[in-house]
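A quick note: this is a predicted structure, and the numbers were derived from the prediction, not measured.
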There are 2 protein chains.
Amino acid sequence: MASATSFPRQQPLLQLLQQTDGELSAQELHQRLRATRHSTGLATVYRVLKQLQQAGLVRCRKLPSGEAVYAPVDRDEHHLTCVQCGLIQALPLCPISSGSLGLGAVLLQGFRPLFHTFEIHGLCSRCQQHEIAGDE
Amino acid sequence: MASATSFPRQQPLLQLLQQTDGELSAQELHQRLRATRHSTGLATVYRVLKQLQQAGLVRCRKLPSGEAVYAPVDRDEHHLTCVQCGLIQALPLCPISSGSLGLGAVLLQGFRPLFHTFEIHGLCSRCQQHEIAGDE
DNA sequence: GCTAGAACGACAACCATTCTCACTCTTGGG
DNA sequence: CCCAAGAGTGAGAATGGTTGTCGTTCTAGC
């Protein structure tokens with residue numbers, strides 16, 4: 001079966017994610033791996049990322065730009081995103097770890113949760129200024 | 001300034017979203033508008049969606065497939081998504097409306113929040129079965 | 001060694017989204 | 001009423017991240 005050794009590409013990629021602050025896109029991972037002795041084709045990077053995600057080791061979210069960024073699942077970080085300029089700020093707050101959410105088995109309907117995303121979209125202070133200056 | 005009448009395309013599009021259960025992609029909105037007397041170019045659909053989003057009238061999230069889907073902001077629904085087959089189920093639970101989240105001004109750092117997304121990714125019951133059958 | 005099957009990489013294909021640019025519509029003067 | 005300026009629009013091209021294809025390489029079992 002698909003034991004750990006069957007996918008020798010998983011380890012280097014996972015380590016790279018763990019060693020890196022913040023999130024990395026598949027393209028960035030591909031670039032960085034080229035610089036090491038674990039150089040890997042882009043298609044394989046995507047394949048391995050999907051495996052790691054389904055194994056519950058890596059989480060993923062889509063930026064407004066459309067690219068997906070990845071991080072280890074244990075990295076419980078969420079974000080504020082400006083819908084105008086795309087600015088991203090960390091949101092030191094998690095609805096799950098705060099514990100106050102009644103996430104019973106009933107609500108999960110048989111789902112086995114692997115990771116979650118929580119994002120607040122709005123206008124950053126700079127874009128609010130521009131809005132006022134522009135009109136309104 | 002950008003008063004309501006300056007953007008005559010906003011109303012039909014917004015109404016269409018409000019009349020529709022669930023979320024619509026830009027492409028779907030474009031298709032459906034063609035069938036009405038408010039036919040609109042695809043580029044304009046995207047332009048208007050961005051306007052409505054920045055005006056705080058419409059929210060948006062990215063599906064794993066990469067396409068963005070839109071809904072009225074007041075539609076406070078969240079989702080379970082299967083990372084394997086892409087199945088989406090409603091998650092009748094919201095970390096914001098549950099109120100238990102300490103979302104103070106400090107955390108928002110000047111952001112004016114417009115909408116939020118909360119998603120749980122995991123394996124649906126069907127894909128868990130397959131996983132067991134396949135190996136492991 | 002030899003074969004079957006999985007994994008891999010280079011490259012093509014895909015497709016949602018964004019960009020371009022010529023055209024139209026509205027608005028305010030003259 | 002006509003004209004000019006600016007904003008809005010749409011068709012189609014361009015973009016770019018992601019996925020598919022397919023021949024090659026690697027691994028496991030014999």
Side-chain angles (χ1 to χ4, degrees), chain A residues 1-14 23-55 58-71 81 83-86 121 134-136, chain B residues 1-14 23-55 58-71 81 83-86 121 134-136:
Chain A
M1 73 126 299
S3 70
T5 57
S6 294
F7 298 108
R9 308 296 170 129
Q10 289 189 355
Q11 278 309 314
L13 207 157
L14 186 54
E23 303 160 301
L24 289 175
S25 70
Q27 311 271 350
E28 285 168 335
L29 282 164
H30 177 231
Q31 296 292 343
R32 299 206 185 188
L33 285 173
R34 301 190 89 172
T36 73
R37 67 168 177 282
H38 302 289
S39 186
T40 301
L42 186 54
T44 300
V45 171
Y46 280 105
R47 278 191 281 251
V48 172
L49 282 171
K50 178 163 260 181
Q51 292 163 6
L52 289 173
Q53 195 177 326
Q54 293 179 3
V58 158
R59 69 172 169 76
C60 149
R61 72 183 180 109
K62 300 260 180 192
L63 300 183
S65 69
E67 63 184 348
V69 289
Y70 301 83
T81 304
V83 295
Q84 191 150 310
C85 69
H121 299 255
D135 59 32
E136 185 174 354
Chain B
M1 74 127 302
S3 71
T5 57
S6 294
F7 299 110
R9 308 297 169 127
Q10 290 190 355
Q11 278 309 314
L13 207 156
L14 186 55
E23 304 161 299
L24 288 174
S25 71
Q27 309 272 351
E28 285 168 335
L29 280 164
H30 176 231
Q31 296 293 343
R32 299 206 184 188
L33 284 173
R34 301 191 90 171
T36 72
R37 67 168 177 280
H38 301 290
S39 185
T40 301
L42 186 55
T44 300
V45 171
Y46 280 105
R47 279 192 280 251
V48 172
L49 282 171
K50 179 163 259 180
Q51 292 163 7
L52 290 172
Q53 195 178 324
Q54 293 180 2
V58 158
R59 68 171 170 76
C60 148
R61 72 182 181 109
K62 299 260 180 194
L63 299 183
S65 70
E67 63 185 346
V69 289
Y70 300 82
T81 304
V83 295
Q84 190 150 310
C85 68
H121 299 255
D135 62 31
E136 183 174 350

For atom [atom1] of [X] and atom [atom2] of [N], their distance in whole Å:
| X | N | atom1 | atom2 | value |
| --- | --- | --- | --- | --- |
| A:Gln31 | D:dG17 | CD | C1' | 13 Å |
| A:Leu63 | D:dG17 | CG | P | 11 Å |
| A:Leu52 | C:dA7 | CG | P | 14 Å |
| A:Gln51 | D:dT19 | CD | P | 13 Å |
| A:Leu13 | C:dA7 | CG | C1' | 15 Å |
| A:Glu28 | D:dG17 | CD | P | 10 Å |
| A:Leu24 | D:dG17 | CG | C1' | 16 Å |
| B:Gln11 | D:dG8 | CD | C1' | 17 Å |

Its contact letters, B for base, S for sugar-phosphate only and - for none at protein heavy atoms under 4.0 Å, make nucleotides 9-19 of chain C read BB-----SBBB
- [ ] Starting from the C-alpha separation in whole Å, work towards a yes-or-no answer on side chain to side chain contact (heavy atoms under 4.5 Å, CB included) for B:Leu13 and B:Leu49.
- [x] CA-CA 8 Å; B:Leu13 207 156; B:Leu49 282 171; 3.7 Å; yes
### Query
Thinking salt bridges, do A:Arg59 and A:Glu23 make one under a 4.0 Å N-O criterion?
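Here A:Arg59 pairs with A:Glu23 in a salt bridge, since their nearest N and O are under 4.0 Å apart.
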| message | When you compare the side chains of B:Gln10 and B:Gln51, does any donor N or O come within less than 3.5 Å of an acceptor on the partner? | response |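 Result is yes, a qualifying pair exists.
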_Would the distance check show the side chain of B:Thr44 and the main-chain N or O of B:Arg47 forming a donor-acceptor pair, the cut-off being under 3.5 Å?_
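Checking the backbone N and O of B:Arg47 against the side chain of B:Thr44, no donor-acceptor pair under 3.5 Å is found.
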#### Entry: Donor-acceptor contact below 3.5 Å, side chain B:Thr40 vs main chain B:His38
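Such a contact is found between B:Thr40 side chain and B:His38 backbone.
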*When rounded to the nearest 0.5 angstrom, what distance separates NZ in A:Lys62 from CD in B:Glu67?*
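Interatomic distance, A:Lys62 NZ to B:Glu67 CD, rounded to 0.5 Å: 10.5 Å.
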